[in-house]
Amino acid sequence: MATRAELAELIERVAPVTLAVERRRPVPEPLRPVFPDGGLQPGWTVGFDGPGAASLVAVTAASVVDAEGWIAVVGVGGFNLAAASELGLPLDRVVVVEPPGSDRWGVVLSTLIDAVDVVIVAPDRPVSRRDARRLVARARERDGVVFQLGDARRWPQAVDLRLDCHPGSWEGLGRGHGRLRQRRMRVAAQGRRAAARQREVEVLLPGPSGGLEAVGAEIRTFDLSRRRSTTPVATGS
Amino acid sequence: MTGLRTLAVRVPDWPVVVTGIPLDEPVVVVRANRVVAASPAAREEGVAIGHRRREAQSRCPDVAVIERDIEREARRFEPVAAALEDLTPAVEVNAPGLLGFPTRGPSRYFGGDTAVADRVRDLVEPVLDGRAALGLGIADGAFAAALASRHPRALAGAAIVEPGGSPAFLAGLDVHELERPELCDVLGRLGLRTLGAFAALSTADVIGRFGEEGVLAHRLARGEDAHPPDLRRPAPDLAVSWEFEPAADRLDRCAFAAKALADELDLMLGRRGLACVRLAVEAENAGGEVHRRMWRHEGALSSSAVADRARWQLDGWLHQRRVDTRRRPDGSIVRPFADGSDGDAQDPTLDAGPGAITRLHLIPDQVVPATGRQLGFWGGRSDKGEQVGRAVARLQGLLGPDAVTVPEWRGGRGPDERIELVPAAAVDLAEPRPAAESGWVGEPWPGSVPSPLPMEVLPDPEPVEVLDVLDEPVGVNGRGELSAEPVRVVGHGWRIGIDGWVGPWPADERWWDPLRHRRRARLQVELADGTACLLVIEHRRWAVEARYD
């Protein structure tokens, strides 16, 4: 009769070489509670919206991309790369592409996703359903990640996860003195499948160190799908 | 097995010759602040290739310093290559200033190597018009012939290395003639200072230590051709072509097509595991003429190298046609230096005449199995960067050359002045780029906007009004002080209170330059809705410059 230890060993041996969970890309620690399984699955499309979304996209992209990976920024008007660099985005691995004509979004994005790991895209006008679907399929196939920034209505394809930033409050600025130092903001996440449950987290972006930080010592998450409550529930995994 | 008997035609100091300045005046041609070519007069003064511009000027104060223009070098070399077409169809250009062709057929026809060399001299010298010397070398193998053409004897008649004599001829030469600096450096440190000493190593040892590139160099050092001649022609379906509709008479259109074709060719060869070492560029014009020119490269040609060669070639043909139609109706030899100013116009715009190009073919004339480049042995090239570079090249083909950019750090005070976007075509993405790494701008800029920087810089600042508690406009006086405390911001169709503010931060920039002088002041404000932005005042008008998104 097999002992428990032998069975455990057998399970280890017959398990797939890498589990989907292990392939997940790391997200910034304070954001882990809003991502299912605490990481970003390659091939996903994530939407970012609300005040502070541009900062959130920069800090997430910087965390997701590995030491060799590249980031493409397509059609994001006014995206300040100097500020993104302060949040950790490696500028020596960034390419910036001007917004293509509306008929070329599809080919431009699918060319990019072949070569880079993260595509940050902010369409200035609605993208056709066909182009969006093509890109999402391509990203899934190539294990790339697409971050869609701004108005969700311009993106016809359902995203795997949507992060909505809610207006927060700045600290450090007085009337005629001080300067902006840190911002407290709420990020609500809802998506499909594993991410269907709405989660919310409160973070500092930027925090005292200049990057993304958790509010206080503990990370508060709220399970909003059942009832609106302020009782903290267990964090992530 | 020895290399194919080849005649090499070299015009010494070609980069200097094309400047149009006589060689007996001191001239240096520089690229990236380094001397790449110097006229004999400048060399006598002690200027050497590799010197910095300032070093060259200190040795020879009256030297003329000219920036290198490789396009012009290639364009002006085309008539030299064209002059030899009567002699042989197999002219191969190695680089502007050096070409070669196999002598077997012509030698037999004209009765020996010396006779062929005399014939070449007769054909090429009128084209050069006495402005440049001409070196001819004949040897077994293109590499040995090219080196022979540098021999002092090559300038008078021709330096002829007897059949079978190439290894002996090469043996005494410096190993740096291989023009592979990293490899030669290692060989030098191993005590192998001549080609003969390197050739004496066994092939097995060379491949074990230096890999594919080493074997290639080893073959050259032994007087063989870098790639063993393969008489099989590549399958014709490897050629790629582009139809111009309407016919192209402008270089930019041709260059665009050449780039797209080069990428297509690269992709196709890559899929079959092949690399191209000899490329034929063929163009058909509206008059039905077909121009064809062969380019050779000892290492395999990369996609951008193919595109460059096709572009240079088309430039040469388009330019030649221009000279032809303008003042050579009899079709005699075109002299590249007939008129010093001629042909330097970058963009010949003409009516699409019979010379406009209607079709372009790139034909890989000789292919070898691609053995791949070993990554990371001598330097830190990254595979990923190259992959991105290819995607970028495709996008530039789709959207235009300036549509894809990469950021580089610059100094500046404003929220968006610290980064400049440079066209991705201008940089090599596979190499480390220090200008893109934070810390490139070492010194802080006094008066710059403090961190955190605003995430969104409005491409067009939005005009607003800043009002005080009495709804009177707030201004900034000449001493950089606010006239009253700002209380609310009014934009087009919106009005919002100010919760917090700091400033103004004056920025009086380039006061020494009346045209670019800007005098501004910035105010950081937090609005009642919890957002924050950067307001700027210039010429008494306020605008939202950036948002802390």
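To find a chain, count down the sequence lines: A is the first, B the second, and so on, and within it residues start at 1. As a basis for the values below, the full set of heavy atoms in this structure was taken, side chains included, without hydrogen atoms, waters or symmetry mates.
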query = Is it the side chain or the backbone of A:Ala72 that comes within 4.5 Å of chain B heavy atoms, both, or neither?
reply = neither

request  = Tell me, out of B:Val525, B:Asp529, B:Ile419, who's got the most heavy-atom pairs with chain A below 4.5 Å.
outcome  = B:Ile419

key: Contact leader toward chain A among B:Pro486, B:Pro452, B:Pro459, where contacts are heavy-atom pairs under 4.5 Å   = B:Pro452

query = Can you tell me how far CZ of A:Phe79 sits from CD of B:Glu456, rounded to the nearest 0.5 angstrom?
reply = 10.5 Å

key: Student check: side-chain heavy atoms of B:Leu395 and A:Leu112 closer than 4.5 Å   = yes

note = Per-residue tally against chain B (heavy atom, under 4.5 Å) across A:Gly174, A:Pro206, A:Ser169, A:Pro51 peaks at A:Gly174

key: Heavy-atom donor-acceptor pair, A:Asn80 side chain to B:Val457 backbone, under 3.5 Å   = no

query = Should A:Asp92 and B:Val406 count as side-chain neighbours, where that means a heavy-atom distance under 4.5 Å?
reply = no

B:Val392 versus chain A, the contacting section by heavy-atom distance below 4.5 Å = side chain

request  = Please flag which part of A:Leu87 lies under 4.5 Å from any non-hydrogen atom of chain B: side chain, backbone, both or neither.
outcome  = side chain

message = For B:Gly530 versus A:Trp170, what's the shortest heavy-atom pair and its separation?
response = O-CD1, 3.3 Å

note = For B:Ser451 and A:Arg179, the nearest pair of non-hydrogen atoms, with its separation, is O-NH1, 2.6 Å

query = Taking C-beta and beyond as the side chain, do A:Glu86 and B:Leu453 meet within less than 4.5 Å on heavy atoms?
reply = yes

key: Residue-level contacts of residues 541-549 of chain B with chain A, using a heavy-atom cutoff under 4.5 Å   = B:Tyr548, B:Asp549

message = Given heavy-atom pairs under 4.5 angstrom as the criterion, report whether the side chain, backbone, both or neither of B:Leu458 touches chain A.
response = neither

Validation row: A:Val95, B:Thr405 side chains within 4.5 angstrom (heavy atoms) = no

query = Any side-chain heavy-atom pair from A:Val116 and B:Val388 closer than 4.5 angstrom?
reply = yes

query = Looking at A:Leu180, A:Val94, A:Thr111, which makes the most heavy-atom pairs under 4.5 Å with chain B?
reply = A:Leu180

N/O donor-acceptor pair under 3.5 Å between A:Arg175 side chain and B:Asp499 backbone = yes

inquiry  = Under a 4.5 Å cutoff for heavy-atom pairs, which residue among A:Pro100, A:Gly69, A:Ser55 has the most contacts with chain B?
reply    = A:Ser55

query = In Å and rounded to the nearest 0.5 Å, what is the OG to CZ distance from A:Ser85 to B:Arg418?
reply = 10.5 Å

request  = Could you give me the CA-CA distance, side-chain angles and deciding distance for A:Glu98 and B:Leu399, then say whether side chain to side chain contact (heavy atoms under 4.5 Å, CB included) is met?
outcome  = CA-CA 9 Å; A:Glu98 273 181 20; B:Leu399 305 173; 5.9 Å; no

query = What is the distance from atom CD of B:Glu408 to atom CG of A:Leu91, rounded to the nearest 0.5 Å?
reply = 10.5 Å

